[in-house]
Amino acid sequence: MQAQIAVTRMGAARVKEFCARFGAGTVTEAFAAILQGAAQELRGAIGKLEPGEAYAEGLLDSDGVTLDHRSSWR
């Protein structure tokens, strides 16, 4: 938990530095462009899928409670 808090604080500090260097508007526009590009890529990938349902199963090394715990997503 402490590592998560530390990395979040570090990220916030870096964003603050970017805003000071480039301006908040430029940073906001850059983030928006990144998100828009990712959304377009995702829509394109989804558009290539065959119609119907899909199923996936993954194995976590550890969920922190039970070793080799299987997780399924539908």
Side-chain angles (χ1 to χ4, degrees):
M1 185 60 76
Q2 294 299 321
Q4 272 307 133
I5 292 168
V7 76
T8 300
R9 287 182 177 157
M10 182 185 297
R14 296 296 185 267
V15 169
K16 187 176 180 180
E17 290 170 13
F18 286 151
C19 289
R21 183 173 176 186
F22 301 107
T26 299
V27 173
T28 300
E29 288 172 9
F31 284 153
I34 291 167
L35 291 173
Q36 183 178 15
Q40 288 174 346
E41 289 290 325
L42 180 58
R43 282 191 292 273
I46 290 171
K48 294 176 184 176
L49 295 174
E50 295 291 328
E53 293 185 20
Y55 175 79
E57 182 174 282
L59 178 66
L60 299 173
D61 291 337
S62 172
D63 65 0
V65 179
T66 306
L67 294 178
D68 296 328
H69 176 76
R70 279 199 182 276
S71 296
S72 296
W73 301 274
R74 277 197 160 177

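Nearest heavy atoms, Val15 versus Phe31: CG2-CZ, 4.2 Å. Closest heavy-atom contact between Phe22 and Val27: CB-CG2, 4.4 Å.
For Gln4, the CD atom sits in a loose shell: 12 or fewer heavy atoms of surrounding residues, nucleotides or ligands are nearer than 6.0 Å.
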